[in-house]
Amino acid sequence: MKETLSFFKALSDETRLRILNLLTAGEVCVCHLTEALQIGQSKVSRHLSYLKHSGWVKDRREGLWVYYHLVPVKTRFLRKEMDALTSCFQEHPSFRQDIKTLRRILKKNNTCG
């Protein structure tokens with residue numbers, strides 16, 4: 001039960017929802033998240049840390065850069081909730097715009113640095 005509560009608690013912030021939305025597109029570097037969201041690196045990193053501790057994301061280091069991706073959910077219940085959340089992302093104009101912005105950034109410059 002504690003894991004489920006933590007999982008849902010992470011959804012109570014707009015920035016974390018926006019980050020989760022962008023991570024539905026696949027693994028993303030922190031530098032691309034900051035550019036897409038127009039938010040400072042420290043704020044993005046703080047929210048990513050929260051998402052990591054609540055079980056939503058994992059990270060991978062490559063040199064100086066840290067890449068984040070969604071963690072596959074472990075239970076059928078949480079999988080259904082993630083599917084519902086993803087559906088909401090696809091229907092909301094601001095989430096769709098964030099994805100378009102990220103794709104434009106990645107197309108322009110897919111590497112960090």
Side-chain angles (χ1 to χ4, degrees):
M1 178 67 132
K2 188 175 182 179
E3 179 181 319
T4 302
L5 290 174
S6 177
F7 200 72
F8 283 112
K9 217 173 173 183
L11 303 177
S12 67
D13 182 87
E14 179 184 355
T15 301
R16 289 194 292 269
L17 286 172
R18 291 178 74 198
I19 290 170
L20 288 172
N21 173 51
L22 292 178
L23 293 177
T24 63
E27 186 177 66
V28 181
C29 179
V30 172
C31 68
H32 293 133
L33 291 171
T34 59
E35 188 176 349
L37 298 173
Q38 293 294 295
I39 296 173
Q41 185 271 328
S42 62
K43 184 174 181 179
V44 169
S45 292
R46 185 174 65 248
H47 286 291
L48 284 165
S49 177
Y50 191 99
L51 290 168
K52 183 178 174 183
H53 291 354
S54 26
W56 280 97
V57 302
K58 283 194 177 184
D59 64 349
R60 173 182 69 83
R61 289 195 172 273
E62 189 174 300
L64 297 173
W65 307 109
V66 182
Y67 295 83
Y68 285 85
H69 62 274
L70 292 174
V71 173
V73 290
K74 299 173 188 169
T75 66
R76 190 169 57 102
F77 171 74
L78 292 177
R79 211 172 1 265
K80 286 182 178 186
E81 294 302 321
M82 184 59 187
D83 290 344
L85 183 60
T86 302
S87 178
C88 290
F89 289 154
Q90 294 168 353
E91 291 179 17
H92 198 280
S94 64
F95 288 124
R96 286 197 314 264
Q97 184 57 51
D98 283 347
I99 290 288
K100 285 180 188 177
T101 301
L102 177 65
R103 286 186 178 141
R104 188 174 60 250
I105 290 165
L106 293 174
K107 188 175 183 178
K108 177 181 71 171
N109 182 14
N110 196 18
T111 60
C112 296

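Atom set for the values below is all heavy atoms of this structure, side chains included, hydrogens, waters and symmetry mates excluded. Numbering of residues begins at 1 and proceeds along the displayed sequence.
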Any donor and acceptor pair, going by atom type alone, linking the side chain of S87 with main-chain N or O of D83 inside 3.5 Å? no

Nearest 0.5 Å, what's the CD1-CG distance between I39 and L33? 9.5 Å

Beyond-backbone contact of H32 with Y68, side-chain heavy atoms, under 4.5 angstrom: no

Do D98 and F89 have side chains that approach each other closer than 4.5 Å (heavy atoms only, starting at C-beta)? no

Heavy-atom closest pair, residues D13 and H47: OD2-CE1, 3.2 Å

K43 and L37: side chain to side chain contact (heavy atoms under 4.5 Å, CB included), yes or no, with the steps? CA-CA 11 Å; K43 184 174 181 179; L37 298 173; over 6 Å; no

Rounded to the nearest 0.5 angstrom, the CD-CG distance for E27 and L70 is 10.5 Å

Give a yes or no answer on whether the side chain of T101 reaches the backbone of Q97 with a donor-acceptor pair at less than 3.5 Å. yes

Measuring from K9:NZ to L11:CG, what's the distance to the nearest 0.5 Å? 12.5 Å

So CD1 of I105 and CG of L22: to nearest 0.5 Å the spacing works out to 8.5 Å

Step by step, would you call V44 with T15 a side chain to side chain contact (heavy atoms under 4.5 Å, CB included)? CA-CA 8 Å; V44 169; T15 301; 5.6 Å; no

Among the clusters formed by ILVMFWY side chains lying less than 4.5 Å apart, do V28 and Y50 turn up in the same one? no

same_hphob_cluster(V71, Y67) at 4.5 Å side-chain heavy-atom cutoff: no

The reported gap from CD in E81 to CZ in R76 (rounded to nearest 0.5 angstrom) is 11.5 Å

Please round to the nearest 0.5 Å and tell me the distance separating atom CE of M82 and atom CZ of R79. 12.0 Å

Taking it one step at a time, do D59 and L48 satisfy side chain to side chain contact (heavy atoms under 4.5 Å, CB included)? CA-CA 9 Å; D59 64 349; L48 284 165; over 6 Å; no

Is there side-chain contact between L20 and V57, with at least one heavy-atom pair below 4.5 Å? yes

Any non-hydrogen side-chain atom of R16 less than 4.5 Å from a side-chain atom of W56? no

Could you tell me whether the side chain of R61 and the main chain of V66 form a donor-acceptor pair under 3.5 Å? no

Under 3.5 Å, side chain of N21 to main-chain N/O of F95, donor-acceptor pair present? yes

For H53, look at atom NE2 and say whether over 12 heavy atoms of other residues, nucleotides or ligands are found less than 6.0 Å away. no

